[in-house]
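Each chain gets a letter, A, B and so on, in the order its sequence line appears, and its residues count up from 1.
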Amino acid sequence: MRQRVAVIDFETNGASPGGDCRATEIGVAMVEDGRVVDRFQSLMNAGVWVPPMIERLTGISNAMLKSAPPADQVMLDAARFVGDAPLAAHNASFDRKFWDYELGLLGLVRRQDFACTLMLSRRLLPQAPDHKLGTLARWASLPDTGRAHRAMADAEMAAHLMALLSDTLRQEFHLPDIDHALLCKLQKVTAAKVKPYLRELQAAMTA
DNA sequence: TGCCAGGCCCTCTTTAGGGCCTT
């Protein structure tokens, strides 16, 4: 995939944004030609409390957030970094909620679609033991990106996974031009129908 | 008072429920 795609990952203090639930860290891996060509990462202080369970999960403590830059400034910088690049994330419905919410607080509206490496993995890698990001990375021997459950490491891991998914499409279905729009289209086809859909696509291209 | 996410997939489905996945 030659086009630039921004693969993002948020760490947060809860499951759904709003009220006391906010993003605490963002990582963005800018991918081009299957390679990470640029990175953006920052902790972000939204003035919220992180429960102990999530402190243990992410390694992001309340003390770390006290000295972190303000969330609004970080999100402005992140939005500038991403620009008009299409977006991707693992379980994009989660990161999309936080991206839209945090940008909404700044009066900004997302224009790009999100590709979801979780939905694509379920469709294209059904043989994997499960579809957690960490499991897929180990199962497919993806490059080590650092501590799991930190935003930059997880964003880069999802970027490697997206490259694997693109390679799978190229090798199994001989599709030469994998772009973000195709990934978004595939994730809307149900898991049971995606392989017949791809075979039809392949036949149409070789006809 | 009691509850507290939500989008998606699969199936023993569609007038539903349980599990996955993210933090």
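Nearest-nucleotide mapping onto DNA chain B: of A/Ala192 and A/Lys97, the residue sitting toward the 5' end is A/Lys97. Judged by closest nucleotide on DNA chain B, A/Thr190 is the one of A/Thr190 and A/Asn91 placed further toward the 5' end.
Look at A/Arg150 and A/Glu11 and you find no salt bridge, because none of the NZ, NE, NH1 or NH2 atoms lies under 4.0 Å from a carboxylate O. The pair A/Asp33-A/Arg35 fails the salt-bridge criterion, with no side-chain N (NZ, NE, NH1 or NH2) lying under 4.0 Å from an Asp/Glu carboxylate O.
Rounded to whole Å, the separation between the P atoms of B/dC4 and B/dG17 comes to 16 Å. The separation of B/dC12 from B/dA16, taken at their C1' atoms, amounts to 11 Å, rounded to a whole angstrom. Comparing the C1' positions of B/dG18 and B/dT13 gives an interatomic distance of 12 Å, to the nearest angstrom. As rounded to the nearest Å, B/dG2 and B/dG7 have C1' atoms that lie 25 Å from one another. Nucleotides B/dC8 and B/dC3 have their C1' atoms positioned 24 Å apart, rounded to a whole Å. Rounded to whole Å, the separation between the C1' atoms of B/dG6 and B/dT23 comes to 13 Å.
A/Asp95 comes within 4.0 angstrom of no nucleic acid atom, judged by non-hydrogen atoms across all strands. A/Asn13 comes within contact range of no nucleotide atom at all, as no heavy-atom separation falls under 4.0 Å. Among the heavy atoms of the strands lying under 4.0 Å from A/Thr58 are primed sugar atoms or P, OP1, OP2 only; no base atom is included. Nucleic acid contact class of A/Leu118 (heavy atoms, under 4.0 Å, all strands): sugar-phosphate only. When heavy atoms are screened at a 4.0 angstrom cut-off, A/Phe10 is found touching the sugar-phosphate backbone but no base atom. Using a 4.0 Å heavy-atom distance criterion, A/Asp154 is classed as a sugar-phosphate-only contact.
Judged purely by atom type and a 3.5 angstrom limit, A/His160 has no side-chain atom pairing as donor or acceptor with the backbone of A/Ser141. Judged by distance alone, the side chain of A/Lys97 and the main-chain N or O of A/Ala15 form a donor-acceptor pair under 3.5 Å. A/His90 places a side-chain N or O within 3.5 Å of a backbone atom of A/His131 that can act as its donor or acceptor partner. Side-chain atoms of A/Asp154 do not come within 3.5 Å of backbone N or O of A/Ala148 as any donor-acceptor pair. For A/Gln187 (side chain) and A/Phe114 (main-chain N/O), a donor-acceptor pair under 3.5 Å exists by modelled atom type.
For DNA chain B, the contact window with chain A, defined by any atom under 4.0 Å from a protein heavy atom, covers B/dA5 to B/dT23 in 5' to 3' order.
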